[in-house]
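Read through the structure below, which is laid out as structure tokens, and then see the notes.
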2 protein chains.
Amino acid sequence: MTGTTDKTGTEEYFSISDLAAQLEISPSTIRFYEDKGLISPKRTAGNQRVYTRKDRARLKLIIRGKRFGASLDEIAEMIGKAGSGMDEKKQIEISLAHIEAKFDEIEDHRRELSLLEQDLKNLKALLKKRLKELR
Amino acid sequence: MTGTTDKTGTEEYFSISDLAAQLEISPSTIRFYEDKGLISPKRTAGNQRVYTRKDRARLKLIIRGKRFGASLDEIAEMIGKAGSGMDEKKQIEISLAHIEAKFDEIEDHRRELSLLEQDLKNLKALLKKRLKELR
DNA sequence: ATGATACTTAAAGTTAACTTTAACTTTAAG
DNA sequence: CTTAAAGTTAAAGTTAACTTTAAGTATCAT
């Protein structure tokens, strides 16, 4: 079963394998991200990890950041190390600065995508021409 | 000096360090790509690598593909292994198929970029709200 | 209460993509 | 001709991001 609902009906909890299945990554990867300080789920009385919707959203953001090419260290700088002992105000300001920088990078990335698309179109045309020559 | 022009004035050649500087990667990286079969430059009488504008274009495509998240193996499948002994017609057809698939991936990637941007906007709003609360 | 299944940790292993090193050769400048 | 800078190879080393393993603990269904 996917997730558990508590008495209020608004809080939903996931086990590590549950969440892993939802995000299509392995439980070990989730633990690895925790070791890196990117998430810090609560634990049950028996010491097993419990994830909230918030944790899941954070993980989704991590995964998206990765697809776009960011390293885990860069992502940590954007979203802040989970539960770091650091002064919160300072931490947030650092995160905001990194986020602003990422907006610019996203724009660059869009431009790069168009250039790549153009390159591939050229390559395709070249290959098709070569194919005809081979007939 | 950057590049050398031959008697016809249309062919331009680059040394490995020259090309590396232009592309802002290291000479070793270029040699590494060659080991992987992605490029195969001509050699001088003394066995030194000589790169043409065409080689440079190929390298640029490799670098762009990488930024967009493709692995070197995937890139090799798109652009074809340089100077592979394989049947050329077959090779070109395989490349064309991979290129078509990449067009779709580029679209997916664009969508992902927008989602990431939205995620970051939400995160930014959250962090700003939290900053105000801390005052 | 008893398995089967899922969880825990710490540590070692893997893979891709480079980078560095060592020992040697080629090339360009004086 | 000499020498410094740049090039060559093969092999070893590095780093990030996981994955696997081992040995033990917790939870759930019967």
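The chains referred to below are lettered A, B, ... by the order of the sequence lines, with proteins before strands, and numbering in each begins at 1.
For the pair A:Tyr51 and A:Glu34, the tightest heavy-atom approach, listed with the atom from each and the gap, is OH-OE1, 4.0 Å.
Here the side chain of A:Ser95 pairs a donor or acceptor atom with the backbone of A:Met78 at under 3.5 angstrom.
For A:Ser15, a side-chain nitrogen or oxygen approaches OP1 or OP2 of C:dC7 to under 4.0 Å. Using a 4.0 Å cut-off, no side-chain N or O of A:Arg49 falls inside it from OP1 or OP2 of C:dC7. For the pair A:Arg31 and C:dA6, the criterion of a side-chain N or O lying under 4.0 Å from OP1 or OP2 is not met.
When rounded to the nearest whole Å, the span between CD of B:Glu34 and C1' of D:dT9 equals 11 Å. What separates CZ of A:Phe14 from P of C:dC7 is a distance of 14 Å, to the nearest Å. When the P atom of D:dG7 is taken as reference, atom CZ of B:Arg43 falls 12 Å away, rounded to whole Å. Here D:dA17 presents its P atom at 6 Å from CG of A:Asp73, a figure rounded to the nearest Å. For the pair B:Lys36 NZ and C:dA17 P, the computed distance is 6 Å after rounding to whole Å. Taking atom CD1 of residue A:Ile16 and atom P of nucleotide C:dA6, one finds them 13 Å apart after rounding to whole Å. The separation between B:Ile75 atom CD1 and C:dA17 atom C1' is 11 Å, rounded to whole Å. The CZ-P distance, from B:Arg67 to C:dC18, rounds to 12 Å in whole Å.
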Please list, one pair per line, the donor and acceptor atoms closer than 3.5 Å that link side chains of residues 123-132 of chain A to other protein atoms, with sequence neighbours excluded.
from, atom 1, to, atom 2, distance (Å)
A:Lys124, NZ, B:Glu100, OE2, 2.8
A:Arg130, NE, B:Glu88, OE2, 2.7
A:Arg130, NH1, A:Glu133, OE1, 3.1
A:Arg130, NH2, B:Glu88, OE1, 3.1

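When heavy atoms are screened at a 4.0 angstrom cut-off, A:Thr29 is found touching the sugar-phosphate backbone but no base atom. Across all strands shown, B:Ser28 has heavy atoms under 4.0 Å from base atoms, whether or not it also approaches the sugar-phosphate.
Mapping A:Tyr51 and B:Ser26 onto DNA chain C by nearest heavy atom places A:Tyr51 at the nucleotide closer to the 5' end.
When side chains are defined from C-beta on, B:Arg49 counts as touching B:Arg43, because their heavy atoms get closer than 4.5 Å. In this structure, A:Phe14 and A:Val50 have side chains that are not in contact, with every pair of non-hydrogen atoms separated by 4.5 Å or more.
Here B:His98 pairs with nothing under the ring-ring contact (aromatic ring centres under 6.0 Å, His included) rule; sequence neighbours left out. Under the side chain to side chain donor-acceptor pair (under 3.5 Å) criterion, A:Asp104 pairs with no residue at all, not counting sequence neighbours. Residues meeting the ring-ring contact (aromatic ring centres under 6.0 Å, His included) test with A:Tyr33, sequence neighbours left out: none.
Candidate nucleotides C:dA6, C:dC18, D:dC18 were compared by shortest atom distance to the side chain of B:Lys66, and C:dC18 ranks first. Between C:dT8, C:dC18, D:dG7, one nucleotide has an atom nearer to the side chain of B:Tyr33 than all others, and that is C:dC18.
Counting only Watson-Crick and G-U wobble pairs whose two key distances fall under 3.5 Å, DNA chain C forms stems of three or more stacked pairs at C:1-30 with D:1-30.
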Listing time: all N or O pairs from protein to nucleotides 25-29 of chain C that are below 3.5 Å?
from, atom 1, to, atom 2, distance (Å)
C:dT27, OP1, B:Gly46, N, 3.4

A:Arg64 vs B:Asp119, salt bridge (charged side-chain N to carboxylate O under 4.0 Å, His left out): CA-CA, chis, key distance, verdict:
CA-CA 9 Å; A:Arg64 223 164 247 146; B:Asp119 279 355; 2.7 Å; yes

Before you tell me yes or no, could you show the steps for B:Asn122 and A:Leu61 under side-chain contact (heavy atoms from CB on, under 4.5 Å), namely the whole-Å CA-CA distance, both residues' side-chain angles and the distance that decides it to 0.1 Å?
CA-CA 11 Å; B:Asn122 292 155; A:Leu61 176 52; over 6 Å; no

